[in-house]
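Worksheet for the structure shown next.
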Amino acid sequence: MANIQQTLIILKPDVIQRGIIGEVITRLEKRGLRIAAMELRQLPRETVEQHYDEHRERGFFNAVVSYMASGPVVTMVVEGADAIAQVRATAGSTNPLEATPGTIRHDFAMGIGRNIIHASANETDAAREVALFFKPEQVVSYTRAIDTWINE
Ligand code: CMP
């Protein structure tokens, strides 16, 4: 029985400025993940601070908050079997320098301060982050005919 999960993704401001929204989303769709919610929006600093609350004491906190509030982002919920781990594997290591070729961060980024994509780390974070960015009625859970060819 597949472990169907939902996870929160943010395509960061560099993705929108560089015009690669479609290319990044294509990577996730080709993996077999379903898009359950998606919105382009400008995040207020307070929302970004809440999202990255666990990093408040880290040296990079102000930098990442400024980066994430510097322009529009695309927030998404994606769904699928083991979606949390699947998305993190597709995204690659947080530091693009350490990311494996073929992953999003390796293929589209060079610096940890411009690393393209955020993906929830675990089930607890995914539930909290999905609820921070989307109301329950905005998240659409569904299946596709092709899903049986992606996962048994
Ligand atoms: P993300 O996966 O969204 O989670 C925290 C973010 O902080 C990370 O991606 C990077 O965009 C940013 N960041 C900047 N510097 C660092 C660092 N030294 N270590 C971890 N994250 C960093």
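Because the structure is predicted, anything quoted here is derived from the model rather than measured. All ligand and atom numbering here is 1-based and tracks the order in the structure.
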Among side-chain atoms of R88 and S120, is any donor-acceptor pair under 3.5 angstrom? no
Worksheet entry | Sub-4.5 Å side-chain heavy-atom contact between I35 and L28 | no
Chain-and-number sorted residues having a heavy-atom contact under 4.0 Å with ligand 1 are K12, Y52, H55, F60, V64, T94, R105, I112, N115, H118
So do I25 and M38 actually touch side chain to side chain, heavy atoms under 4.5 Å? yes
Are the side chains of I4 and R34 in contact, using a 4.5 Å heavy-atom criterion?
yes
Quiz item: If we only count heavy atoms from C-beta on, is the L11 to I21 side-chain gap below 4.5 Å?
Solution: yes
Residue pairs passing the ring pair (Phe, Tyr, Trp, His ring centres under 6.0 Å) test with at least one member in residues 131-152, sequence neighbours excluded, are H51-F133
